[in-house]
Amino acid sequence: MNALGDSLENIAIAKSGIIKQRCPVVLGGPFEPRIEYILRNRAALMNAPVISSFGPGIHGTITKLDSTESQPCQYADILIKLDENDPNTIIELFGVRLRMLGYHQLQNAITAICTAICLRGQGWRISDDSIRAGLEGTYVLGRCQFLTPAQAKMLGVDGATIILDGAHTEASAKALASTIRMAFPDKPLAFVVAMANDKNHSAFAHQLLSGALPKVAILTEVSVAGGNSRTTTTTSLSRIWTQMARECDFSVIDCSETQNQRSNISCSDQNLRSSFTDQPVLLVANESESVEHALKKASKLLELVSNPSCGIICVTGSLHVVSTVISCIHNEPSCG
C-alpha cells in the first residue's frame, strides 16, 4: 500500500507507469469508469493504442462445470473480433477447458487472448491451437486451488473438500463467493480466514457472508510480510465477522472455547442442529494456535450441521495463510 497508494485511483496511477510510448495496452477489467479514465488517459499521453478485453466484439460464455474430478474445471466458448477486416484479430474457441474457475477467470482468459492477438500484430507467430493449449494448461497455486483427499488428510481433515484462495479484497471476495456458489450451490461451507491489518475486513466479510452463505467461520492468524504489526488478531477478526454476520441477518453462535466455558454453550451438542431454521446461522470460532488447528475445528463444526463428506472448507483472506497451508502439506518449517 505504501508503494502503490491508499486508493484505487492512486494505485491505477502508479500501475499506469508501465505504459510505454506507442506500445499497445490491453485493458482487463471491466474497471470502474474513473479507473478506466486514468488508464486510457495515460495511454493517450504515450500514444499507445488501447485494446479493451470487454468491448462489443468480445463474447465469452461458461457452458459447463465439471466438479467430478479432483481438480474441477469449467468449459467455455470464446469469440473475439477486434477487427472484422483482419483475420489475425479474430479467434473462435469452443469448449475450452479452464482449470481456473469463475467468471472472473473467464475474463482473465479473454484478456490473455487479446494480449496474444496484440503480439501477433507485433510479428509473433501464435496459432489458435497454441492459445487454446496455453489457456487449458494454466493453473495457479492459491487461486481456487483444490487439495486432494490425501492432502486434506495430512491436515487432519477427512471427508470435506479444502479450497485455497488468496482473495483479500472486497472485489476478490465477491468473485470467490460467486465461484463457490457456482461450483457447489448446495454444499455446506466453512471459511478459515486470516488477514493483514491494512485490508478492508468488513467489506471482505460482507461479500463472503452475503454471497456464499457459509455455515461456519473460523478466524485465525498467520505471519504476514512486514512483521507482526501487520497481522490482524483473531479477536479483531471475530468481532468484525460477528458484526457483519448480524448485519447480513445471520444468527451467530460463538463456538470459541473460552466463550463456551463462560456461557455453558456446547457446540458439540446434537441439539445445535435444531438451531438451523429458515434464518441463516453462522458458527464462529477463534483459533490462534495454528492454521492446522483452525482447519480441524472447521471440519468438526461442519460435521455438526451437515454430512462431513459433502462439506467445503475454504481457506482465504491472504496469500500468507494460503502459503502456510501449502507449507504444512510439504512439512516445511513455515507451517504454523
Side-chain angles (χ1 to χ4, degrees), residues 1-61 76-94 96-144 166-172 174-175 225 319:
M1 295 291 286
N2 291 335
L4 294 176
D6 57 359
S7 69
L8 288 177
E9 289 87 351
N10 288 336
I11 291 173
I13 291 171
K15 290 198 171 186
S16 69
I18 68 170
I19 298 176
K20 305 302 180 186
Q21 192 76 26
R22 296 187 177 86
C23 289
V25 177
V26 179
L27 293 183
F31 298 103
E32 295 180 22
R34 71 185 194 278
I35 303 304
E36 184 173 347
Y37 172 80
I38 292 171
L39 299 174
R40 286 185 176 274
N41 185 58
R42 174 67 180 180
L45 290 173
M46 302 301 291
N47 296 311
V50 174
I51 296 90
S52 172
S53 65
F54 47 93
I58 297 174
H59 305 280
T61 305
D77 293 341
I78 301 172
L79 171 62
I80 296 178
K81 293 183 178 180
L82 297 184
D83 183 350
E84 292 188 357
N85 298 317
D86 184 354
N88 284 326
T89 68
I90 300 175
I91 292 181
E92 294 182 351
L93 298 176
F94 298 99
V96 182
R97 181 179 181 272
L98 300 175
R99 299 170 67 191
M100 308 286 285
L101 299 186
Y103 292 103
H104 61 299
Q105 296 296 356
L106 172 60
Q107 184 59 48
N108 286 340
I110 290 172
T111 303
I113 295 173
C114 289
T115 303
I117 291 175
C118 285
L119 291 174
R120 281 179 174 177
Q122 303 261 332
W124 293 55
R125 299 176 61 185
I126 306 174
S127 68
D128 289 5
D129 288 342
S130 295
I131 291 174
R132 175 188 288 273
L135 295 176
E136 294 188 340
T138 298
Y139 178 67
V140 180
L141 294 178
R143 298 296 185 185
C144 213
H168 54 273
T169 65
E170 180 179 7
S172 59
K174 182 178 181 179
L319 290 172

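Any value given below was found using the heavy atoms of this structure, including those in side chains, with hydrogens, waters and symmetry copies removed.
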Colleague: Thinking salt bridges, do Arg132 and Glu136 make one under a 4.0 Å N-O criterion?
Modeller: yes
Colleague: Let me know which of Ile80, Ile126, Thr115 forms a side chain to side chain contact (heavy atoms under 4.5 Å, CB included) with Ile131.
Modeller: Ile126
Colleague: Among Ile58, Ile91, Asn88, which one satisfies side chain to side chain contact (heavy atoms under 4.5 Å, CB included) with Leu82?
Modeller: Ile58
Colleague: Kindly give the heavy-atom pair with the smallest separation between Asn47 and Gln21, and that separation in Å.
Modeller: ND2-NE2, 3.0 Å
Colleague: Nearest 0.5 angstrom please: Glu92 CD to Leu79 CG, how far?
Modeller: 5.0 Å
Colleague: For residues Cys118 and Pro24, report the shortest heavy-atom separation together with the two atoms involved.
Modeller: SG-CB, 4.2 Å
Colleague: Do side-chain atoms of Ser53 reach the backbone of Cys114 as a donor and acceptor pair under 3.5 angstrom?
Modeller: no
Colleague: With a 4.5 Å cut-off on side-chain heavy atoms, are Ile113 and Leu93 touching?
Modeller: yes
Colleague: Work out which heavy atom in Lys81 is nearest to a heavy atom in Ile90; give both atom names and the distance.
Modeller: CG-CG2, 3.9 Å
Colleague: Please evaluate residues Arg40 and Ser52 with respect to the criterion side chain to side chain contact (heavy atoms under 4.5 Å, CB included), reporting the C-alpha separation (whole Å), side-chain torsions for both, the decisive distance (0.1 Å), and the verdict.
Modeller: CA-CA 10 Å; Arg40 286 185 176 274; Ser52 172; 3.8 Å; yes
Colleague: Hey, does Leu106 have a side-chain heavy atom less than 4.5 Å from the side chain of Ile78?
Modeller: yes
Colleague: At what distance, to the nearest 0.5 angstrom, does CG of Leu8 lie from NZ of Lys15?
Modeller: 10.5 Å
Colleague: Working to the nearest 0.5 Å, report the span between CG of Leu27 and CD1 of Ile51.
Modeller: 8.5 Å
Colleague: Got a donor-acceptor contact below 3.5 angstrom from the His59 side chain to the Gly57 backbone?
Modeller: no
Colleague: What are the two closest non-hydrogen atoms of Asn85 and Pro87, and how far apart are they?
Modeller: O-CD, 3.7 Å
Colleague: Closest approach of Ala48 and Lys20, non-hydrogen atoms and distance?
Modeller: CB-O, 3.8 Å
Colleague: Going through the checks in order, is the side chain to side chain contact (heavy atoms under 4.5 Å, CB included) test met by Cys144 and Met100?
Modeller: CA-CA 7 Å; Cys144 213; Met100 308 286 285; over 6 Å; no
Colleague: Between Arg120 and Asp128, is there a salt bridge with N-O shorter than 4.0 Å?
Modeller: yes
Colleague: Evaluate side chain to side chain contact (heavy atoms under 4.5 Å, CB included) for Glu36 paired with Phe54, printing each intermediate quantity in order.
Modeller: CA-CA 12 Å; Glu36 184 173 347; Phe54 47 93; 3.8 Å; yes
Colleague: As a test of understanding, state which of Asn108, Ile110, Leu98 forms a side chain to side chain contact (heavy atoms under 4.5 Å, CB included) with Leu135.
Modeller: Leu98
Colleague: Decide side chain to side chain contact (heavy atoms under 4.5 Å, CB included) for Ile35 and Glu9; before the verdict, give the C-alpha distance in whole Å, the side-chain angles of both, and the deciding distance to 0.1 Å.
Modeller: CA-CA 6 Å; Ile35 303 304; Glu9 289 87 351; 4.3 Å; yes
Colleague: Can you tell me if CZ on Phe94 sees more than 12 non-hydrogen neighbours from other groups inside 6.0 Å?
Modeller: yes
